[in-house]
Structures are given as structure tokens and as C-alpha cells.
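For reference, the structure discussed in these notes is given below.
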Amino acid sequence: MDTTQILKIQTELAQRTLAQPAERHKRLYRFVCDEGWLRTGLETVLANKGSSTSGLDGVTKGRLDTNPDGRSNLVHQLHAELVAGTYHPQPVKRVYIPKANGKLRPLGIATLRDRTVQAAVKMVLEPIYESVFLPCSWGFRPLRSTHHALSALRRATSDPRMGFKWIIEGDIAACFDEIEHRLLRRVLKQRIQDETFLDLITTMLRCGIWEDGRVTYPSAGTPQGAVCSPVLANVFLHEFDAWYLRTYRVRPEWAHLAPSSLQYRRKTEIGGTLMLTRYADDWVAVWNGSRSRAEEIKAEIKTFLADELHLRLSEEKTLITHIDDGFDFLGYRMQGDKRWSDGQWCFFSRVSERAIRRFRDAVKEITRYTFTDEVAAFTALAGLIRGWGNYYAYAAESRLMDSLDGFIYREIWSYCRRKQRTLGAKAVYRMYTLPPHLREVGYFHLGAMMGEQAVRIPRLSGIPRKALRLGYPPHPYLGDIHTDVLPAPGTGDECWWDQHVWAGQEGDRIGQRRLVTAVRMRTAVCEVCGTQLVDEVHHDPPWHETHRHHPQQALAVCVACHRRLHGAKR
DNA sequence: TAGAGGTGGAC
RNA sequence: UUUGUCCACCUCUA
């Protein structure tokens, strides 16, 4: 399968979108029909663990692979149907899953064949819209994480020159379910001129929902669970970003102004600077003007969303707070405080109350049942601690981690005591304490033995704290080349918008993986033999010697050539 | 060092 | 009991 060709086309789509913003893409449908694209889409769908659950036709990955030609047959069939125009997505299976806040989330589970087509559609949409989206959009996008969003927000709010005072926390009610298909199509039309392709998206959106034997056809909502739903939601909500950009950041009539006078203009004509950070339907805007003006802005946002996008702002969840009171975003609590060392005012990232409560509940849930065997319970606990602790490694909360470790220890101990009711405390302690030579720093000394192997439970305090200072991600389809999404780089918080001014500090591994992406996007064909596909990146000097990377010094090579290069050196 | 599989977390 | 992105970890292969 020729993924090289696909990557090349995706890069072209991205480049063309950047170079010709006014031009609309034509003849996109042929890519979705292409057997190579469909095959790649199928492989990504099958790589997900969701491929073992079926849609309405009952086909799973296992069922598909009972026939050695199952995958090829499916791709052939989809190709034929798409070309003939007879392809119709089947209704999705309605399933409700509990959300973190206790409410239910409706999912629409499509069949594997429909997911394959959706994946192919996403492969077309993503390169185009990665060139369109603004830097304030962080949700559901490649190379961007919640931590990137928090980092950007922290960076802006802790800039004393900007003097941000007010926080408008926003939440768009039932966002995914209320996106109107007609409006979404109109938005897509701004960049895409291919009725067949748009029709395909519309039929995908309008495919029926099967529930209790009845099928309904909605006129709004992107089915949660569809491969391309996240990118479609972003395409739709980009209109919000774009409106924000032209009404609060750079008004069209200011386009000729130097960046330094922009801030002055904003101050006199708008009343201050508003900085938006959006993660899917969850957003935060920081404002350095007056409180009453903040109220007006909130109302303006509300009317824009209602009038232009037909979306509601949930009134009880949309609050205006002072920056000193802090605010919750993406599971973190952002709060300004005096720094302990020098008394300087500084912005800190902490763990939100809700996240702490949820973690404690999860620990209790694992240790509640004593009929589970201790190896299973301890491995589950280890996974929870590692995963949760890792997500909150960017919180400045050493004290909290210590106290949670104490809580976890008490829970484990009470679990052990309850499990061995007949034994005394000393006997239980002996039973669940790892032998000294198997204890490790950063782990509890309580644990279990599975044969020779010790099942250890990591301590939250053993996970190193990380600085919330992440660099700006590159364009995923263009690598590290300069992407002029915005009119001009500027001063103050404008720097934040300029992707190249942002001097970020990242973990080694992140930087390394970025390099792989950048180099891969550059060629996608082995730079040594020129024939085979790139699978590896060769460093000269080696990565472990310098720990620095320069895309110019790295070679994209295939496995065989990589081995040859290493062999020649030794 | 790179791939494949799996586990956990955030939204 | 699903989708997408991201992060971390573990195992295996060379």
C-alpha cells in the first residue's frame, strides 16, 4: 500500500490551503474513493480497540479477518459503491455511556465499513483544516494536548505586561448534538467546492440512529463516536475562533496597522485585550479591561453563538470570575499566587477539586471489594496512579501528592486487613510487605508477589513534576515550516500567536517525536536508497550523544538503510 | 534506536 | 462501552 502517495497529497492539500486561502478545494471525492485511502482508513479503524465492537451489521475485526481477503474485499466493495454513488451509510447503534459528571453520553456506533469511509473523509479534511484552524484551538487536533492548551493559557495569564484581570469561563451546551447539518455544510462550503464530497458528509451526518428497533433521522448533531466528528466539530467551532479574531483581536480595518499599535487600538475601541483558549466546546477567555465590559463581551459571545451558529451557552456554567480567585480548566485549577521564593506574583497550575475527588473515588472503588485477588487490584491501582499522576505531573502540587500518597497507603492497608480478617496486623504486614531487595524508591513497600515478580504500586510523589511550558506544535502535515496563519507577529501576548517566537521548553521525547514527524513529512521516501518507505530517522551525530535535534542533520531512512548506516559507523 | 501489542489518564 | 487527539507506562521484536 502506498502511504507515501497519500502523505504527499495531504501535504499538498495543506500547502494549497495556506497559500490560497480564497480558493476552494475541488475534486476531493476521488481521494475518498481511492482504494489506497480506504485501505489506510480501514487499517486505522482496525488498529483501534473499538474494532472489536460491531455496528448494526454485526461485523467486527475478528469476523472480517476470518476471510484472508476480508479487508481487501471490503475496500473493493466500498470503492465500487462510492464510485457508483450507491454507497449509503447504515444507521448507527445508540448506546449511552456514563460521563465523568454522572450524566449519560449518547454514542452512535457505526459499522466498520462506515467507520472506514469516515476515516478516509477525515484524511481529506484534516490536512486542509489544520491549515485553517487558529492557534487558540487545541481540542482534538494532532500534536496538541490538553497540556499544550493549559501551557498557552498559563503563559498568557502570567504576563504582567498584559494585566489580565477577568476570566470568562464558557461552556457550549450539548455542542456535538446541536450542530446543524445545514450550517455545517455552509461552513464547509467556504473551503470546499465538491458537491459529491459534501453530500457524502451530509449523508454520514444524517444517517439514522437505531434505538429500541426504531430509526430516527436527525437534522442536527455530529454522531458522537464517528471518526470524523471531532474534526467536523472543530471546523464548525472554528467560526467562533474566526469571529473572535475579527471582532476582538484584529478588526479588518486594522489590518494595515503595526502590531504595536494594535494593542492601543484594542484598548481604545474595545476596552482591552481578550485572549481566547478553546478546547473543543470548552473555552476560557481572559480579559484585561473592566468588569462591566466583560459582562458585555459575554453577552456578545452568547448572541454570536446563538444567531450565527445556533448554539447555546449554558448559563449556569458560564461564569465571570476575577483572576485572583482562579478558575478550573481541563481538570486543572489555574490560580495566581505569590511565589514562595521571591514573593513575585505568579500563575500556578493545580489539580482541580473535582479531579482530586474523582481520583479518591477511583482508588476507593478498587480497594472496596476484597474478593478480587490482590495482584489484579494492585495492578489496577498501579495503572490508575501512573496514569492520573502522569496527567497531573504539570501541577505545582508536591504537597497534594504526598497527602494523596498517605490516603492511598491507608486504603491499601485497610484493603489488606479486610482481605485477611483472620490474621493479626503483624501477620498481614508481613504478608503484603515486599522483601527488602524488591523494594524500590518511588513505590509503596506494600505490594504482592506474582511468582518471582513483584507487583509494585507507584507513589504519586515519585512521579517527577514537570514545568507547564510547552512549545508550539508544528503543522502536522507540513513539519516545521513557517505557517503564516495570522496577519502579523506582534508584541506582548501577540507573541503567543506568532508560532515562531514562542520559545518553548519541551521534554526530550516530545522533541524527538516532533522531529520524526517533521522529517517524515519532508520526504516520506528513504533519503538513502530513495525507493523504500521511511520508517525511521537517522541522527548524525546520534540522538543520545547530543540530545538536540536539527531536522537538517537528520535523515529519513528505511529500516535496511538505517541498519547499514549504523553498521558502517561501528 | 525503530516498529508491533497492551495498560492507564485528560477532554 | 464507542470515536478522536494527546500524554505516560509496560511487554515483545530487530
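Naming: A, B, ... by sequence-line order, numbering from 1 per chain. Since this is a predicted model, take the numbers as computed values, not measurements.
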Please pick, from [options], the nucleotide with the shortest atom-to-atom distance to any side-chain atom of [X].
| X | options | answer |
| --- | --- | --- |
| Lys466(A) | G4(C), dA10(B), A8(C) | A8(C) |
| Phe140(A) | G4(C), U5(C), dC11(B) | G4(C) |
| Arg115(A) | dG9(B), G4(C), U2(C) | U2(C) |
| Leu384(A) | dG9(B), U1(C), G4(C) | dG9(B) |
| Val227(A) | dC11(B), G4(C), U2(C) | G4(C) |

* Side chains of Thr203(A) and Tyr87(A): do they bring a donor and an acceptor to under 3.5 Å? ->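 On atom types as modelled, these side chains do not qualify, holding no pair under 3.5 Å.
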* To do: Go through the side-chain N and O atoms of Glu211(A) and Tyr96(A) and say whether any donor and acceptor fall under 3.5 Å apart.
  =>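 Present: a donor and an acceptor within the cut-off.
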* Can you spot which of Leu381(A), Ile408(A), Thr379(A), Ile412(A) makes a side chain to side chain contact (heavy atoms under 4.5 Å, CB included) with Ile366(A)? =>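 One option only clears the test, and that one is Leu381(A).
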Is [X] touching bases, backbone alone, or none of the nucleic acid, heavy atoms closer than 4.0 Å?
| X | value |
| --- | --- |
| Gly50(A) | sugar-phosphate |
| Ala226(A) | sugar-phosphate |
| Ser51(A) | sugar-phosphate |

Verify the contact: side-chain N or O of [X] to OP1 or OP2 of [N], cut-off strictly under 4.0 Å; return yes or no.
| X | N | value |
| --- | --- | --- |
| Arg358(A) | dC11(B) | yes |
| Asn390(A) | dG8(B) | no |
| Lys49(A) | U3(C) | no |
| Thr53(A) | U1(C) | no |

* To do: Tell me which of Arg386(A) and Leu330(A) sits closer to the 5' end of DNA chain B, going by the nucleotide each one is nearest to.
  =>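 In this pair, the answer is Arg386(A).
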* Has Arg144(A) got its NZ or CZ under 6.0 Å from the middle of the six-membered ring of Trp138(A), at an angle within 45 degrees of the ring axis? -> yes
* Asked: In terms of the nearest nucleotide of RNA chain C, which residue is placed more toward the 5' end: Leu107(A) or His147(A)?
  -> Leu107(A)
